[in-house]
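The structure appears below as C-alpha coordinates.
In this text, all values refer to a predicted model and were calculated from it rather than measured experimentally. Letters A, B, ... mirror the listed sequences (proteins, then strands); counts begin at 1.
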Amino acid sequence: MLGVSLSCKITNIYQNLLSLLDKCKSMLELKQLHAVVISSGLSQDNQFISKILYFSALSYLGDINYSDRVFSQLCSPTIFNWNTIIRGYSNSKIPNHSLSIFLKMLRLGVAPDHFTYPFLVKASSRLLNKETGVSVHAHIIRTGHEYDRFIQNSLIHMYASCGNIVGAQKVFDSIQGKNLVSWNSMLDGYAKCEKMAMAQKVFESMPEKDVRSWSSLIDGYVKAGEYREALAIFEKMRAVGPKANEVTMVSVSCACAHLGALEKGRMIHKYIVDCGLPLTLVLQTSLVDMYAKCGAVEEALLVFRGVSKSQTDVLIWNAMIGGLATHGLVEESLKLFREMQIAGVEPDEVTYLCLLSACAHGGLVKEAWHFFEILSKRGMTPTSEHCACMVDVLARAGQLTTAYQFICQMPIEPTASMLGALLSGCINHKNLALAEKIGRKLIELEPNHDGRYIGLSNVYAVEKRWDDARSMREAMERRGVKKSPGFSFVEISGFLHRFIAHDKSHPDLEETYFMLNFVVLQMKFNCRKDNKERLLNDTLTEDDLHLF
DNA sequence: ATTGATGAAC
(Lines give C-alpha, C1' and ligand atoms only; values in the text may rest on other atoms or scores of the structure.)
Protein backbone atom coordinates (compact mmCIF):
# COMPACT_ATOMS: atom_id res chain seq x y z
CA MET A 1 0.00 0.00 0.00
CA LEU A 2 2.75 2.37 0.99
CA GLY A 3 4.66 1.64 -2.24
CA VAL A 4 1.67 2.41 -4.43
CA SER A 5 0.91 5.74 -2.72
CA LEU A 6 4.56 6.79 -2.87
CA SER A 7 4.80 6.04 -6.57
CA CYS A 8 1.54 7.96 -7.06
CA LYS A 9 3.08 10.94 -5.31
CA ILE A 10 6.23 10.75 -7.38
CA THR A 11 4.20 10.53 -10.58
CA ASN A 12 2.34 13.62 -9.41
CA ILE A 13 5.56 15.50 -8.79
CA TYR A 14 6.79 14.49 -12.25
CA GLN A 15 3.60 15.70 -13.87
CA ASN A 16 3.75 18.98 -11.96
CA LEU A 17 7.33 19.55 -12.96
CA LEU A 18 6.54 18.83 -16.61
CA SER A 19 3.62 21.24 -16.64
CA LEU A 20 5.76 23.89 -14.90
CA LEU A 21 8.29 23.51 -17.69
CA ASP A 22 5.52 23.99 -20.24
CA LYS A 23 4.42 27.22 -18.57
CA CYS A 24 7.94 28.61 -18.19
CA LYS A 25 8.11 32.42 -18.66
CA SER A 26 11.82 33.26 -18.44
CA MET A 27 15.32 31.84 -18.56
CA LEU A 28 15.64 32.39 -14.81
CA GLU A 29 12.57 30.26 -14.17
CA LEU A 30 13.85 27.63 -16.60
CA LYS A 31 17.21 27.45 -14.85
CA GLN A 32 15.51 27.02 -11.49
CA LEU A 33 13.40 24.18 -12.84
CA HIS A 34 16.50 22.69 -14.47
CA ALA A 35 18.18 22.73 -11.06
CA VAL A 36 15.24 20.81 -9.59
CA VAL A 37 15.48 18.31 -12.45
CA ILE A 38 19.21 17.78 -11.85
CA SER A 39 18.93 17.47 -8.07
CA SER A 40 16.19 14.88 -8.55
CA GLY A 41 18.63 12.81 -10.53
CA LEU A 42 16.76 13.38 -13.79
CA SER A 43 19.51 15.13 -15.73
CA GLN A 44 19.41 12.43 -18.41
CA ASP A 45 15.65 11.99 -18.44
CA ASN A 46 14.67 12.89 -21.95
CA GLN A 47 11.15 13.98 -21.12
CA PHE A 48 12.48 16.81 -18.98
CA ILE A 49 15.59 17.64 -20.90
CA SER A 50 13.69 17.86 -24.20
CA LYS A 51 11.46 20.58 -22.76
CA ILE A 52 14.42 22.48 -21.33
CA LEU A 53 16.23 22.28 -24.65
CA TYR A 54 13.14 23.29 -26.57
CA PHE A 55 12.47 26.40 -24.52
CA SER A 56 16.03 27.67 -24.39
CA ALA A 57 16.64 27.00 -28.10
CA LEU A 58 13.38 28.23 -29.56
CA SER A 59 11.57 30.65 -27.28
CA TYR A 60 12.16 34.32 -27.96
CA LEU A 61 12.93 34.51 -24.24
CA GLY A 62 15.39 31.66 -24.59
CA ASP A 63 19.16 31.42 -24.74
CA ILE A 64 20.72 29.27 -27.41
CA ASN A 65 24.05 29.08 -25.54
CA TYR A 66 22.30 27.54 -22.58
CA SER A 67 20.58 24.99 -24.75
CA ASP A 68 23.91 24.15 -26.40
CA ARG A 69 25.43 23.46 -22.99
CA VAL A 70 22.51 21.27 -21.95
CA PHE A 71 22.68 19.46 -25.28
CA SER A 72 26.39 18.74 -25.07
CA GLN A 73 25.88 17.10 -21.67
CA LEU A 74 23.36 14.62 -23.01
CA CYS A 75 24.62 11.04 -23.20
CA SER A 76 22.25 9.91 -25.92
CA PRO A 77 20.29 12.74 -27.50
CA THR A 78 17.19 11.71 -29.46
CA ILE A 79 16.63 12.85 -33.02
CA PHE A 80 14.13 15.34 -31.58
CA ASN A 81 16.92 16.86 -29.46
CA TRP A 82 19.26 17.10 -32.46
CA ASN A 83 16.53 18.79 -34.50
CA THR A 84 15.76 21.22 -31.69
CA ILE A 85 19.33 22.46 -31.45
CA ILE A 86 19.75 22.67 -35.25
CA ARG A 87 16.49 24.60 -35.47
CA GLY A 88 17.53 26.88 -32.62
CA TYR A 89 20.79 27.79 -34.33
CA SER A 90 19.06 28.27 -37.68
CA ASN A 91 17.09 31.13 -36.10
CA SER A 92 20.09 32.53 -34.23
CA LYS A 93 22.76 35.01 -35.18
CA ILE A 94 25.13 32.12 -35.88
CA PRO A 95 23.25 29.85 -38.31
CA ASN A 96 26.55 28.20 -39.32
CA HIS A 97 26.38 26.36 -35.99
CA SER A 98 23.38 24.45 -37.38
CA LEU A 99 25.73 23.03 -39.99
CA SER A 100 28.42 22.13 -37.46
CA ILE A 101 25.86 20.28 -35.34
CA PHE A 102 24.57 18.56 -38.47
CA LEU A 103 28.08 17.41 -39.41
CA LYS A 104 28.64 16.16 -35.87
CA MET A 105 25.43 14.21 -36.17
CA LEU A 106 26.65 12.54 -39.36
CA ARG A 107 30.03 11.73 -37.84
CA LEU A 108 28.29 9.97 -34.95
CA GLY A 109 26.23 7.95 -37.40
CA VAL A 110 22.90 9.50 -36.36
CA ALA A 111 20.47 9.59 -39.28
CA PRO A 112 18.74 12.93 -39.87
CA ASP A 113 14.99 12.76 -40.52
CA HIS A 114 12.52 14.80 -42.56
CA PHE A 115 12.33 17.42 -39.78
CA THR A 116 16.07 18.02 -39.77
CA TYR A 117 16.38 19.29 -43.34
CA PRO A 118 14.00 22.25 -43.34
CA PHE A 119 15.94 23.70 -40.40
CA LEU A 120 19.25 22.96 -42.05
CA VAL A 121 18.10 24.56 -45.30
CA LYS A 122 16.89 27.59 -43.39
CA ALA A 123 20.34 27.90 -41.82
CA SER A 124 21.90 27.81 -45.31
CA SER A 125 19.45 30.48 -46.51
CA ARG A 126 20.46 32.76 -43.69
CA LEU A 127 24.17 32.15 -44.39
CA LEU A 128 23.69 33.52 -47.93
CA ASN A 129 26.33 31.08 -49.05
CA LYS A 130 25.64 29.45 -52.40
CA GLU A 131 27.94 26.45 -51.97
CA THR A 132 26.60 25.50 -48.56
CA GLY A 133 23.04 25.51 -49.87
CA VAL A 134 23.97 23.40 -52.86
CA SER A 135 25.78 20.78 -50.80
CA VAL A 136 22.86 20.59 -48.38
CA HIS A 137 20.58 20.09 -51.39
CA ALA A 138 22.92 17.34 -52.70
CA HIS A 139 22.73 15.64 -49.33
CA ILE A 140 18.94 15.82 -49.38
CA ILE A 141 18.88 14.09 -52.76
CA ARG A 142 21.36 11.41 -51.64
CA THR A 143 19.26 10.58 -48.59
CA GLY A 144 16.09 10.42 -50.66
CA HIS A 145 14.34 13.40 -49.07
CA GLU A 146 13.95 15.46 -52.22
CA TYR A 147 10.21 14.86 -52.58
CA ASP A 148 9.28 16.08 -49.12
CA ARG A 149 7.22 19.21 -49.70
CA PHE A 150 8.41 20.98 -46.56
CA ILE A 151 11.98 20.46 -47.71
CA GLN A 152 11.22 21.51 -51.29
CA ASN A 153 9.53 24.68 -50.09
CA SER A 154 12.46 25.61 -47.89
CA LEU A 155 14.82 24.95 -50.83
CA ILE A 156 12.94 27.48 -52.97
CA HIS A 157 13.49 30.06 -50.29
CA MET A 158 17.14 29.07 -49.88
CA TYR A 159 17.98 29.42 -53.59
CA ALA A 160 16.14 32.73 -53.84
CA SER A 161 17.90 34.12 -50.75
CA CYS A 162 21.27 33.15 -52.18
CA GLY A 163 20.44 35.03 -55.37
CA ASN A 164 19.93 31.91 -57.48
CA ILE A 165 16.41 32.56 -58.71
CA VAL A 166 16.83 30.03 -61.53
CA GLY A 167 17.59 27.33 -58.96
CA ALA A 168 14.53 28.40 -56.98
CA GLN A 169 12.35 28.17 -60.07
CA LYS A 170 13.74 24.70 -60.86
CA VAL A 171 12.81 23.37 -57.44
CA PHE A 172 9.41 25.06 -57.71
CA ASP A 173 8.74 23.47 -61.11
CA SER A 174 9.72 20.05 -59.81
CA ILE A 175 7.12 20.08 -57.04
CA GLN A 176 4.13 17.82 -57.62
CA GLY A 177 1.21 19.32 -55.77
CA LYS A 178 2.46 22.80 -54.92
CA ASN A 179 0.85 24.30 -51.87
CA LEU A 180 0.40 27.91 -50.78
CA VAL A 181 3.84 27.98 -49.17
CA SER A 182 5.44 26.82 -52.43
CA TRP A 183 3.73 29.63 -54.36
CA ASN A 184 4.47 32.23 -51.72
CA SER A 185 8.13 31.23 -51.54
CA MET A 186 8.46 31.55 -55.31
CA LEU A 187 6.65 34.88 -55.33
CA ASP A 188 8.76 36.18 -52.48
CA GLY A 189 11.89 34.97 -54.27
CA TYR A 190 11.12 37.13 -57.31
CA ALA A 191 10.07 40.05 -55.12
CA LYS A 192 13.35 39.85 -53.17
CA CYS A 193 15.36 39.86 -56.41
CA GLU A 194 13.31 42.87 -57.52
CA LYS A 195 12.09 40.96 -60.57
CA MET A 196 8.65 42.46 -60.24
CA ALA A 197 7.32 41.44 -63.65
CA MET A 198 7.91 37.81 -62.70
CA ALA A 199 6.61 38.32 -59.17
CA GLN A 200 3.44 39.82 -60.63
CA LYS A 201 3.10 36.86 -62.99
CA VAL A 202 3.45 34.34 -60.15
CA PHE A 203 0.98 36.35 -58.07
CA GLU A 204 -1.60 36.23 -60.84
CA SER A 205 -1.15 32.50 -61.47
CA MET A 206 -1.59 31.53 -57.83
CA PRO A 207 -4.59 29.28 -57.18
CA GLU A 208 -5.10 30.95 -53.79
CA LYS A 209 -3.59 33.96 -52.05
CA ASP A 210 -3.19 34.86 -48.39
CA VAL A 211 -1.80 37.87 -46.49
CA ARG A 212 1.74 36.76 -47.13
CA SER A 213 1.18 36.65 -50.89
CA TRP A 214 -0.12 40.23 -50.92
CA SER A 215 2.53 41.41 -48.46
CA SER A 216 5.37 39.88 -50.47
CA LEU A 217 4.17 41.59 -53.63
CA ILE A 218 3.76 44.96 -51.92
CA ASP A 219 7.14 44.67 -50.25
CA GLY A 220 8.76 43.74 -53.56
CA TYR A 221 7.48 46.95 -55.12
CA VAL A 222 8.75 48.92 -52.13
CA LYS A 223 12.20 47.32 -52.34
CA ALA A 224 12.26 48.02 -56.08
CA GLY A 225 11.52 51.68 -55.37
CA GLU A 226 8.10 51.50 -57.02
CA TYR A 227 6.30 53.03 -54.10
CA ARG A 228 3.22 54.22 -55.93
CA GLU A 229 2.68 50.76 -57.35
CA ALA A 230 3.07 49.34 -53.83
CA LEU A 231 0.35 51.66 -52.55
CA ALA A 232 -1.89 50.79 -55.49
CA ILE A 233 -1.57 47.07 -54.69
CA PHE A 234 -2.39 47.80 -51.08
CA GLU A 235 -5.57 49.62 -52.14
CA LYS A 236 -6.52 46.60 -54.23
CA MET A 237 -5.79 44.33 -51.27
CA ARG A 238 -8.09 46.43 -49.13
CA ALA A 239 -10.83 46.07 -51.71
CA VAL A 240 -10.60 42.41 -52.65
CA GLY A 241 -7.86 40.77 -50.59
CA PRO A 242 -7.41 39.41 -47.08
CA LYS A 243 -7.03 41.61 -44.02
CA ALA A 244 -3.62 43.28 -43.86
CA ASN A 245 -1.30 42.49 -40.98
CA GLU A 246 1.72 44.08 -39.31
CA VAL A 247 4.10 43.11 -42.11
CA THR A 248 1.86 44.60 -44.78
CA MET A 249 1.56 47.83 -42.87
CA VAL A 250 5.30 48.11 -42.34
CA SER A 251 5.88 47.94 -46.11
CA VAL A 252 3.06 50.35 -46.85
CA SER A 253 4.26 52.88 -44.31
CA CYS A 254 7.76 52.54 -45.75
CA ALA A 255 6.33 53.41 -49.19
CA CYS A 256 4.69 56.54 -47.74
CA ALA A 257 7.97 57.49 -46.09
CA HIS A 258 9.83 57.37 -49.40
CA LEU A 259 7.13 59.32 -51.20
CA GLY A 260 6.81 61.89 -48.46
CA ALA A 261 3.10 61.16 -48.62
CA LEU A 262 2.03 62.50 -45.25
CA GLU A 263 -1.74 62.41 -45.77
CA LYS A 264 -1.55 58.86 -47.04
CA GLY A 265 0.73 57.98 -44.12
CA ARG A 266 -1.81 59.36 -41.67
CA MET A 267 -4.51 57.29 -43.33
CA ILE A 268 -2.34 54.21 -42.97
CA HIS A 269 -1.84 54.96 -39.29
CA LYS A 270 -5.58 55.40 -38.83
CA TYR A 271 -6.21 52.17 -40.71
CA ILE A 272 -3.92 50.29 -38.34
CA VAL A 273 -5.78 51.65 -35.32
CA ASP A 274 -9.23 51.11 -36.84
CA CYS A 275 -8.48 47.52 -37.79
CA GLY A 276 -7.26 46.85 -34.30
CA LEU A 277 -3.88 45.67 -35.56
CA PRO A 278 -1.43 45.34 -32.68
CA LEU A 279 0.97 48.31 -32.59
CA THR A 280 4.17 46.33 -32.25
CA LEU A 281 7.56 47.92 -31.81
CA VAL A 282 8.46 47.14 -35.42
CA LEU A 283 5.34 48.88 -36.66
CA GLN A 284 5.84 51.84 -34.32
CA THR A 285 9.39 52.21 -35.59
CA SER A 286 8.26 52.36 -39.19
CA LEU A 287 5.56 54.90 -38.26
CA VAL A 288 8.11 57.08 -36.49
CA ASP A 289 10.33 56.88 -39.54
CA MET A 290 7.41 57.57 -41.89
CA TYR A 291 6.28 60.68 -40.01
CA ALA A 292 9.84 61.96 -39.75
CA LYS A 293 10.55 61.43 -43.44
CA CYS A 294 7.26 63.14 -44.33
CA GLY A 295 8.29 66.18 -42.33
CA ALA A 296 5.86 65.63 -39.47
CA VAL A 297 8.37 65.51 -36.64
CA GLU A 298 5.69 66.29 -34.04
CA GLU A 299 3.67 63.26 -35.06
CA ALA A 300 6.79 61.09 -35.13
CA LEU A 301 7.47 62.18 -31.54
CA LEU A 302 3.88 61.40 -30.59
CA VAL A 303 4.24 57.80 -31.79
CA PHE A 304 7.70 57.54 -30.22
CA ARG A 305 6.48 58.82 -26.85
CA GLY A 306 3.61 56.37 -26.97
CA VAL A 307 6.06 53.48 -26.57
CA SER A 308 6.85 52.68 -22.96
CA LYS A 309 10.57 53.18 -22.32
CA SER A 310 11.08 49.68 -21.03
CA GLN A 311 9.94 48.28 -24.37
CA THR A 312 12.12 50.36 -26.66
CA ASP A 313 15.13 49.09 -28.55
CA VAL A 314 18.01 50.74 -30.35
CA LEU A 315 16.18 50.82 -33.71
CA ILE A 316 13.33 53.06 -32.64
CA TRP A 317 15.72 55.43 -30.83
CA ASN A 318 17.82 55.61 -33.97
CA ALA A 319 14.76 56.37 -36.07
CA MET A 320 13.77 59.25 -33.79
CA ILE A 321 17.29 60.62 -33.26
CA GLY A 322 17.94 60.43 -37.00
CA GLY A 323 14.58 62.01 -37.82
CA LEU A 324 15.28 65.00 -35.57
CA ALA A 325 18.75 65.31 -37.07
CA THR A 326 17.57 65.42 -40.68
CA HIS A 327 15.14 68.18 -39.76
CA GLY A 328 17.93 70.26 -38.30
CA LEU A 329 16.58 69.81 -34.77
CA VAL A 330 20.12 69.21 -33.60
CA GLU A 331 19.74 70.10 -29.93
CA GLU A 332 16.67 67.89 -29.61
CA SER A 333 18.48 65.07 -31.35
CA LEU A 334 21.44 65.17 -28.98
CA LYS A 335 19.10 65.51 -26.02
CA LEU A 336 17.25 62.39 -27.09
CA PHE A 337 20.56 60.54 -27.28
CA ARG A 338 21.23 61.38 -23.64
CA GLU A 339 17.74 60.19 -22.80
CA MET A 340 18.44 56.94 -24.61
CA GLN A 341 21.54 56.35 -22.50
CA ILE A 342 19.57 57.03 -19.31
CA ALA A 343 16.97 54.52 -20.52
CA GLY A 344 19.85 52.01 -20.66
CA VAL A 345 19.62 51.27 -24.39
CA GLU A 346 23.06 50.60 -25.88
CA PRO A 347 23.83 52.79 -28.91
CA ASP A 348 25.11 51.03 -32.01
CA GLU A 349 26.96 52.09 -35.16
CA VAL A 350 23.83 53.56 -36.71
CA THR A 351 23.16 55.66 -33.60
CA TYR A 352 26.56 57.28 -34.00
CA LEU A 353 25.89 57.83 -37.66
CA CYS A 354 22.66 59.66 -36.78
CA LEU A 355 24.54 61.73 -34.21
CA LEU A 356 27.23 62.63 -36.73
CA SER A 357 24.53 63.62 -39.18
CA ALA A 358 23.01 65.84 -36.47
CA CYS A 359 26.42 67.44 -35.99
CA ALA A 360 26.72 68.00 -39.74
CA HIS A 361 23.37 69.78 -39.81
CA GLY A 362 24.18 71.88 -36.78
CA GLY A 363 27.79 72.68 -37.65
CA LEU A 364 28.97 71.01 -34.44
CA VAL A 365 32.54 70.06 -35.30
CA LYS A 366 33.80 69.52 -31.77
CA GLU A 367 30.87 67.28 -30.85
CA ALA A 368 31.35 65.28 -34.05
CA TRP A 369 34.98 64.54 -33.18
CA HIS A 370 33.81 63.49 -29.73
CA PHE A 371 31.26 61.00 -31.11
CA PHE A 372 33.72 59.73 -33.68
CA GLU A 373 36.24 58.93 -30.95
CA ILE A 374 33.68 57.45 -28.56
CA LEU A 375 32.64 55.05 -31.30
CA SER A 376 36.07 53.41 -31.34
CA LYS A 377 36.40 53.52 -27.57
CA ARG A 378 33.20 51.53 -27.30
CA GLY A 379 34.72 48.76 -29.37
CA MET A 380 33.00 49.63 -32.65
CA THR A 381 34.94 50.12 -35.87
CA PRO A 382 34.13 53.30 -37.77
CA THR A 383 32.70 52.31 -41.13
CA SER A 384 33.19 54.19 -44.37
CA GLU A 385 29.81 55.82 -43.69
CA HIS A 386 31.02 57.21 -40.38
CA CYS A 387 34.08 58.60 -42.13
CA ALA A 388 31.92 60.07 -44.90
CA CYS A 389 29.74 61.73 -42.29
CA MET A 390 32.81 63.10 -40.54
CA VAL A 391 34.06 64.52 -43.84
CA ASP A 392 30.61 66.04 -44.33
CA VAL A 393 30.79 67.73 -40.90
CA LEU A 394 34.21 69.20 -41.63
CA ALA A 395 33.40 70.17 -45.21
CA ARG A 396 30.13 71.89 -44.30
CA ALA A 397 31.90 73.80 -41.55
CA GLY A 398 34.44 74.96 -44.12
CA GLN A 399 37.36 73.04 -42.59
CA LEU A 400 38.39 71.76 -45.98
CA THR A 401 42.04 71.11 -45.20
CA THR A 402 41.17 69.09 -42.13
CA ALA A 403 38.59 67.17 -44.15
CA TYR A 404 41.17 66.47 -46.84
CA GLN A 405 43.73 65.36 -44.27
CA PHE A 406 41.12 63.19 -42.58
CA ILE A 407 40.54 61.37 -45.85
CA CYS A 408 44.26 60.92 -46.45
CA GLN A 409 44.85 59.53 -42.97
CA MET A 410 42.11 56.93 -43.12
CA PRO A 411 43.17 53.29 -43.24
CA ILE A 412 40.63 52.68 -46.02
CA GLU A 413 40.38 53.96 -49.59
CA PRO A 414 38.17 57.04 -49.86
CA THR A 415 34.66 56.25 -51.09
CA ALA A 416 32.59 58.29 -53.50
CA SER A 417 30.33 59.60 -50.75
CA MET A 418 33.31 60.98 -48.81
CA LEU A 419 34.65 62.78 -51.86
CA GLY A 420 31.12 63.88 -52.72
CA ALA A 421 30.76 65.48 -49.29
CA LEU A 422 34.13 67.17 -49.69
CA LEU A 423 33.22 68.36 -53.16
CA SER A 424 30.06 70.13 -52.03
CA GLY A 425 32.01 71.63 -49.15
CA CYS A 426 34.57 72.93 -51.63
CA ILE A 427 31.87 74.45 -53.82
CA ASN A 428 30.01 76.03 -50.89
CA HIS A 429 33.18 77.45 -49.40
CA LYS A 430 34.61 78.52 -52.76
CA ASN A 431 37.77 76.42 -52.86
CA LEU A 432 37.42 75.75 -56.55
CA ALA A 433 40.95 74.46 -57.14
CA LEU A 434 40.40 71.62 -54.69
CA ALA A 435 36.86 71.18 -56.00
CA GLU A 436 38.12 70.54 -59.50
CA LYS A 437 40.67 68.00 -58.27
CA ILE A 438 38.03 66.14 -56.23
CA GLY A 439 35.49 66.37 -59.04
CA ARG A 440 37.89 64.68 -61.47
CA LYS A 441 38.72 61.98 -58.96
CA LEU A 442 35.02 61.30 -58.48
CA ILE A 443 34.43 60.76 -62.19
CA GLU A 444 37.37 58.36 -62.21
CA LEU A 445 35.84 56.52 -59.26
CA GLU A 446 32.31 56.32 -60.66
CA PRO A 447 32.47 56.82 -64.45
CA ASN A 448 28.90 55.54 -64.90
CA HIS A 449 27.29 57.85 -62.37
CA ASP A 450 25.60 60.82 -64.01
CA GLY A 451 25.75 62.93 -60.86
CA ARG A 452 29.54 62.88 -60.81
CA TYR A 453 29.77 64.64 -64.19
CA ILE A 454 27.15 67.14 -63.07
CA GLY A 455 29.23 67.70 -59.91
CA LEU A 456 32.32 68.77 -61.81
CA SER A 457 30.24 70.66 -64.32
CA ASN A 458 28.80 72.63 -61.39
CA VAL A 459 32.29 73.54 -60.28
CA TYR A 460 33.03 74.98 -63.73
CA ALA A 461 29.70 76.77 -63.73
CA VAL A 462 30.58 78.56 -60.49
CA GLU A 463 33.80 79.68 -62.12
CA LYS A 464 31.87 80.67 -65.24
CA ARG A 465 34.03 78.27 -67.28
CA TRP A 466 31.12 77.48 -69.57
CA ASP A 467 33.14 75.56 -72.16
CA ASP A 468 34.52 73.21 -69.52
CA ALA A 469 31.07 72.81 -68.03
CA ARG A 470 29.70 71.87 -71.44
CA SER A 471 32.55 69.44 -72.07
CA MET A 472 31.45 67.48 -69.00
CA ARG A 473 27.99 66.98 -70.50
CA GLU A 474 29.64 65.89 -73.73
CA ALA A 475 31.97 63.46 -71.96
CA MET A 476 28.93 61.98 -70.33
CA GLU A 477 27.11 61.46 -73.60
CA ARG A 478 30.24 60.12 -75.28
CA ARG A 479 30.60 57.46 -72.62
CA GLY A 480 26.94 56.62 -72.82
CA VAL A 481 26.18 57.48 -69.21
CA LYS A 482 22.44 57.50 -68.68
CA LYS A 483 20.95 60.66 -67.27
CA SER A 484 18.35 59.88 -64.66
CA PRO A 485 15.87 62.74 -64.54
CA GLY A 486 15.49 64.43 -61.20
CA PHE A 487 11.96 64.50 -59.90
CA SER A 488 10.10 65.16 -56.73
CA PHE A 489 6.73 64.38 -55.24
CA VAL A 490 4.41 66.84 -53.64
CA GLU A 491 1.32 65.68 -51.84
CA ILE A 492 -1.69 67.97 -51.89
CA SER A 493 -4.88 66.85 -50.14
CA GLY A 494 -3.83 63.23 -50.30
CA PHE A 495 -2.97 63.34 -54.01
CA LEU A 496 0.59 62.83 -55.12
CA HIS A 497 1.91 65.12 -57.83
CA ARG A 498 5.15 64.31 -59.58
CA PHE A 499 7.39 67.00 -60.94
CA ILE A 500 10.18 66.04 -63.32
CA ALA A 501 12.89 68.53 -64.23
CA HIS A 502 11.97 70.35 -67.46
CA ASP A 503 8.63 68.56 -67.68
CA LYS A 504 5.92 71.03 -68.63
CA SER A 505 2.95 68.69 -68.72
CA HIS A 506 1.38 69.32 -65.32
CA PRO A 507 -1.97 71.17 -65.59
CA ASP A 508 -1.11 73.58 -62.76
CA LEU A 509 2.27 74.44 -64.21
CA GLU A 510 1.95 78.24 -64.25
CA GLU A 511 0.58 78.51 -60.78
CA THR A 512 3.29 76.16 -59.51
CA TYR A 513 6.12 78.15 -61.02
CA PHE A 514 4.66 81.38 -59.71
CA MET A 515 4.69 79.95 -56.20
CA LEU A 516 8.13 78.43 -56.69
CA ASN A 517 9.63 81.75 -57.71
CA PHE A 518 8.07 83.35 -54.70
CA VAL A 519 9.56 80.70 -52.40
CA VAL A 520 12.99 81.05 -54.02
CA LEU A 521 12.93 84.80 -53.50
CA GLN A 522 11.96 84.32 -49.89
CA MET A 523 14.82 81.84 -49.39
CA LYS A 524 17.33 84.15 -50.99
CA PHE A 525 16.22 86.94 -48.72
CA ASN A 526 16.54 84.75 -45.61
CA CYS A 527 19.89 83.43 -46.77
CA ARG A 528 21.29 86.93 -47.16
CA LYS A 529 20.05 87.80 -43.70
CA ASP A 530 21.70 84.65 -42.28
CA ASN A 531 25.00 85.32 -44.01
CA LYS A 532 25.08 88.83 -42.68
CA GLU A 533 24.57 87.56 -39.15
CA ARG A 534 27.15 84.86 -39.62
CA LEU A 535 29.76 87.32 -40.83
CA LEU A 536 29.13 89.40 -37.76
CA ASN A 537 29.37 86.44 -35.37
CA ASP A 538 32.02 84.16 -36.80
CA THR A 539 35.73 84.27 -36.40
CA LEU A 540 37.91 82.64 -39.02
CA THR A 541 39.58 79.37 -38.12
CA GLU A 542 43.15 78.39 -38.85
CA ASP A 543 41.91 76.25 -41.73
CA ASP A 544 40.25 79.16 -43.38
CA LEU A 545 43.50 81.12 -43.25
CA HIS A 546 45.36 78.33 -45.02
CA LEU A 547 42.88 78.15 -47.81
CA PHE A 548 41.77 81.61 -48.58
C1' DA B 1 7.82 19.36 -34.14
C1' DT B 2 8.88 21.23 -39.65
C1' DT B 3 8.72 25.18 -44.73
C1' DG B 4 7.16 31.26 -46.70
C1' DA B 5 7.70 38.06 -44.28
C1' DT B 6 8.34 43.27 -41.48
C1' DG B 7 11.41 48.33 -38.51
C1' DA B 8 16.68 52.51 -37.93
C1' DA B 9 21.43 55.73 -41.44
C1' DC B 10 23.58 56.66 -46.36
Nucleotide B/dG7, atom P - distance to CG of A/Leu287 in whole Å: 13 Å

Nearest-angstrom distance from the residue atom CD1 of A/Ile175 to P of B/dT3: 15 Å

A/Phe115, nearest nucleotide to its side chain (from B/dT2, B/dA5, B/dA9): B/dT2

Closest nucleotide among B/dA8, B/dA5, B/dA1 to the A/Val350 side chain: B/dA8

A/Glu339/A/Arg305 ion pair, N-O < 4.0 Å: yes

Given B/dT3, B/dC10, B/dA8, the nucleotide with the shortest approach to the side chain of A/Ser357: B/dC10

Phosphate OP1/OP2 of B/dA5: any A/His157 side-chain N/O under 4.0 Å: yes

Donor/acceptor link under 3.5 angstrom from A/Ser286 side chain onto base of B/dG7: no

Among B/dA8, B/dA9, B/dT6, the one nearest A/Glu246 by side-chain distance: B/dT6

Out of B/dA5, B/dT2, B/dA9, whichever nucleotide has its closest atom nearest the side chain of A/Val247: B/dA5

Check: A/His386 side chain, A/Thr383 main-chain N or O, donor-acceptor pair, under 3.5 Å: yes

Sugar-phosphate, base or nothing in reach of A/Leu281, heavy atoms under 4.0 Å: base

Sugar-phosphate, base or nothing in reach of A/Asp348, heavy atoms under 4.0 Å: base

Sugar-phosphate only, base, or nothing, as touched by A/Asp113 at under 4.0 Å among non-hydrogen atoms: base

Salt-bridge criterion met for A/Arg452 and A/Glu446 (N-O under 4.0 Å): yes

Nearest-neighbour nucleotide for the A/Val181 side chain, B/dG7, B/dT3, B/dT2 considered: B/dT3

Atom-pair distance (OH on A/Tyr147; C1' on B/dT3), nearest Å: 19 Å

A/His269/A/Tyr291 aromatic ring centres below 6.0 Å: yes

Below 4.0 Å: OP1/OP2 of B/dT6 and any side-chain N or O of A/Lys192: yes

d(CG, A/Asn245; C1', B/dG7) in whole Å: 14 Å

Length of the line joining A/Asn46:CG and B/dA1:P, which is rounded to integer Å: 14 Å

A/Asp219 side-chain proximity, nearest of B/dA8, B/dT6, B/dA9: B/dT6

Touch class at under 4.0 angstrom, heavy-atom based, for A/Leu180 against every strand present: base

Length of the CG-C1' vector between A/Leu355 and B/dA9, whole Å: 11 Å

Interatomic distance, A/Phe119 CZ vs B/dT3 P [rounded to whole Å]: 6 Å

A/Asp289 CG to B/dG7 P, straight-line distance once rounded to whole Å: 10 Å

pi-stack flag for A/Phe150 and B/dT3, centroid dist under 5.5 Å, interplanar under 30°: no

Sugar-phosphate, base or nothing in reach of A/Asp210, heavy atoms under 4.0 Å: base

A/Glu385 (side chain) donor-acceptor with A/Leu353 (main chain) under 3.5 angstrom: no

Minimum-distance nucleotide (side-chain atoms of A/Arg212 versus B/dA5, B/dT6, B/dA8): B/dA5

Ring centroids of A/Phe80 and B/dA1 base under 5.5 Å with planes under 30°: no

Side chain A/Asp313 and base B/dA8 donor-acceptor under 3.5 Å: no

Sugar-phosphate only, base, or nothing, as touched by A/Asn83 at under 4.0 Å among non-hydrogen atoms: base

Nearest to side-chain heavy atoms of A/Leu315, which nucleotide of B/dT6, B/dG7, B/dT2: B/dG7

A/Met186: which of A/Asp173, A/Asn153, A/Ile165 passes side chain to side chain contact (heavy atoms under 4.5 Å, CB included): A/Ile165

Sugar-phosphate, base or nothing in reach of A/Ser185, heavy atoms under 4.0 Å: sugar-phosphate

Check: A/Asn91 and A/Phe119 side chains under 4.5 Å, non-hydrogen atoms: no

